[in-house]
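Heads up, the thing below is written out as structure tokens.
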Amino acid sequence: MSVYKGPERLLNDSYMTLSAPFRLFKHSIDGLIDTHWHEFFEMGYVVSGSGTHVLNGVPTRLTRGSAFLLTPADFHSLKSDPGETLQLYDFIFKEQFIREPLFELLFGPNTEHTYWYVGDEIDAIEREYERIWDETLHWQAGSDLLIQGSVERLLIDLSRKCKGTQPTLVSTPDPMQPVQSSVRKALIYIQHHFREAIPLEEVASYCGLSANYFSECFRKGTGSTFQSYVQELRLQFAKSLLKTTQLPVTEICFASGFNTLPHFERAFKKRFSLPPRLFRKQ
């Protein structure tokens with residue numbers, strides 16, 4: 001009898017070198033790539049074939065022109081249609097690969113980047129990927145800069161097509177722009193790291209604020225305390241795993257960022273009115 005091991009987490013060290021915070025692959029998928037998530041970011045583009053992409057439990061079609069961008073908080077699987085082979089470019093990169101202004105433009109809570117290019121758009125996107133691929137095969141002076149520029153164009157174009165928006169903040173009596181910007185920066189950071197141990201002090205330091213002031217700004221800006229906001233992300237992530245995978249509840253607990261099973265079970269039951277095991281059955 002085979003033992004189900006659950007979704008795999010793909011690590012930076014297994015796919016990228018210390019000297020290069022990115023890598024481009026050409027994949028051929030004939031069958032199923034089972035549910036997994038990454039330590040890195042991933043931008044995919046389908047060149048040919050057809051299949052299904054299940055992103056955070058939601059299935060979508062894959063055909064030529066399909067594009068998607070995933071963060072370390074996302075999990076997904078890919079499956080080619082019977083008799084089909086999915087051919088796709090897969091560009092993976094570490095967080096430090098893209099500059100902060102672009103990072104803030106791209107990402108935020110409740111932002112998904114999935115798009116289907118058509119017509120002349122397809123030719124333009126594929127030329128860009130071909131240029132990146134050629135530079136990785138024939139590395140020379142300036143290749144890193146050329147790849148950086150090409151990838152940034154692809155990311156910005158995908159973001160515009162998806163019309164991704166930053167999270168809407170609750171208005172405050174005195175909405176100072178620097179404060180709002182810090183809270184928005186925190187939301188993006190939390191979205192990508194909520195499955196890790198992220199103390200309030202760490203995020204406050206990341207935003208350049210003291211812990212007490214950050215806590216006050218975060219509550220006014222989001223209508224939620226820092227801990228409640230992080231726990232809600234973890235619970236929603238656990239809920240998706242329960243619905244779409246066979247991963248044991250104990251593993252879901254830790255994969256979602258909870259430290260103990262009893263705490264996870266109490267929090268889940270309080271939020272969804274059922275303990276995790278009964279929720280999965282129903």
Side-chain angles (χ1 to χ4, degrees), residues 4-27 29 32-45 53-58 67-78 88-100 102-114 132 136 144 147-148 151-152 154-155 158-159 164 185-199 202-203 205-206 230-231 233-241 244-245 247-248 250-259 264:
Y4 178 72
K5 298 181 180 179
E8 181 183 3
R9 189 184 189 203
L10 309 185
L11 304 178
N12 290 338
D13 292 345
S14 300
Y15 291 87
M16 285 176 278
T17 64
L18 293 175
S19 59
F22 63 85
R23 191 172 178 184
L24 179 63
F25 296 89
K26 278 185 177 180
H27 289 315
I29 300 174
L32 173 67
I33 302 296
D34 212 349
T35 303
H36 62 281
W37 54 70
H38 327 93
E39 188 179 8
F40 43 80
F41 293 79
E42 175 184 6
M43 180 170 59
Y45 174 82
H53 184 207
V54 181
L55 172 59
N56 297 328
V58 179
F68 55 85
L69 174 62
L70 309 180
T71 78
D74 297 313
F75 64 95
H76 70 140
S77 65
L78 301 97
L88 68 153
Y89 284 108
D90 190 28
F91 187 86
I92 64 173
F93 57 95
K94 299 178 183 178
E95 183 173 326
Q96 61 265 35
F97 175 72
I98 55 176
R99 293 173 288 179
E100 186 172 315
L102 177 55
F103 194 84
E104 294 189 9
L105 172 68
L106 289 170
F107 299 115
N110 306 316
T111 298
E112 290 190 0
H113 294 87
T114 303
I132 298 171
T136 62
D144 54 340
I147 291 172
Q148 180 93 30
V151 171
E152 288 182 349
L154 288 168
L155 289 170
L158 180 58
S159 178
K185 184 176 181 180
L187 292 175
I188 296 171
Y189 183 86
I190 294 167
Q191 178 70 14
H192 299 151
H193 297 276
F194 69 85
R195 292 190 287 111
E196 307 165 11
I198 46 172
E202 176 183 313
V203 183
S205 176
Y206 175 77
V230 172
Q231 178 160 291
L233 287 178
R234 290 171 174 168
L235 288 171
Q236 291 295 340
F237 185 80
K239 177 183 175 183
S240 295
L241 286 177
T244 60
T245 76
L247 194 64
T250 300
E251 292 188 34
I252 289 176
C253 161
F254 295 110
S256 303
F258 289 90
N259 293 325
F264 168 61

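Because only heavy atoms are used, hydrogens play no part in the values below, and waters and symmetry mates are left out as well, while side chains stay in.
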Look up atom [atom1] in [X] and atom [atom2] in [Y], then write down how far apart they are to the nearest 0.5 Å.
| X | Y | atom1 | atom2 | value |
| --- | --- | --- | --- | --- |
| Thr136 | Leu24 | OG1 | CG | 5.5 Å |
| Ile188 | His193 | CD1 | NE2 | 11.0 Å |
| Glu152 | Ile147 | CD | CD1 | 12.0 Å |
| Leu69 | Thr114 | CG | OG1 | 8.5 Å |
| Leu154 | Ile132 | CG | CD1 | 5.0 Å |
| Gln191 | Thr71 | CD | OG1 | 6.0 Å |

Write down the atom of [X], the atom of [Y], and the distance for their closest heavy-atom approach.
| X | Y | value |
| --- | --- | --- |
| Phe97 | Gln148 | O-NE2, 2.8 Å |
| Leu106 | His113 | O-CE1, 2.8 Å |
| Val203 | Ala186 | CG1-CB, 3.8 Å |
| Ser77 | Asp34 | CB-C, 3.9 Å |
| Ala67 | Leu158 | CB-CD1, 4.2 Å |

Hey, can you tell me if His36 and His38 have their rings parallel, tilted or perpendicular (30° and 60° cut-offs)?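 Correct class here is perpendicular.
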Return the orientation label for the Phe68 and His53 ring planes: parallel under 30°, perpendicular over 60°, tilted otherwise.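 Ring orientation of Phe68 relative to His53: tilted.
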Would Trp37 and Arg195 count as a side-chain contact (heavy atoms from CB on, under 4.5 Å) here? Give the steps. CA-CA 12 Å; Trp37 54 70; Arg195 292 190 287 111; 3.5 Å; yes
Under 3.5 Å, side chain of Arg234 to main-chain N/O of Phe264, donor-acceptor pair present?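 Flag not set: sc Arg234 to bb Phe264 has no pair under 3.5 Å.
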Is there a donor-acceptor pair closer than 3.5 Å between any side-chain N or O of Ser256 and the backbone N or O of Phe258?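 No, because the side chain of Ser256 does not come within donor-acceptor range (under 3.5 Å) of the backbone of Phe258.
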Phe91 pairs by ring pair (Phe, Tyr, Trp, His ring centres under 6.0 Å) with which of Tyr45, Phe41, Phe22?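 It is Phe22, the one option of Tyr45, Phe41, Phe22 that forms the ring pair (Phe, Tyr, Trp, His ring centres under 6.0 Å) with Phe91.
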For a 4.5 angstrom cut-off between non-hydrogen side-chain atoms, does His192 reach Phe103?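 Of all side-chain heavy-atom pairs linking Phe103 with His192, at least one is under 4.5 Å.
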Counting C-beta onward and ignoring hydrogens, is there a side-chain heavy-atom pair between Thr35 and Val54 closer than 4.5 Å?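 Thr35 vs Val54: side chains apart.
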Polar contact flag, side-chain donor to acceptor under 3.5 angstrom, Glu202-Tyr189: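 Side-chain D/A pair, Glu202 to Tyr189: present.
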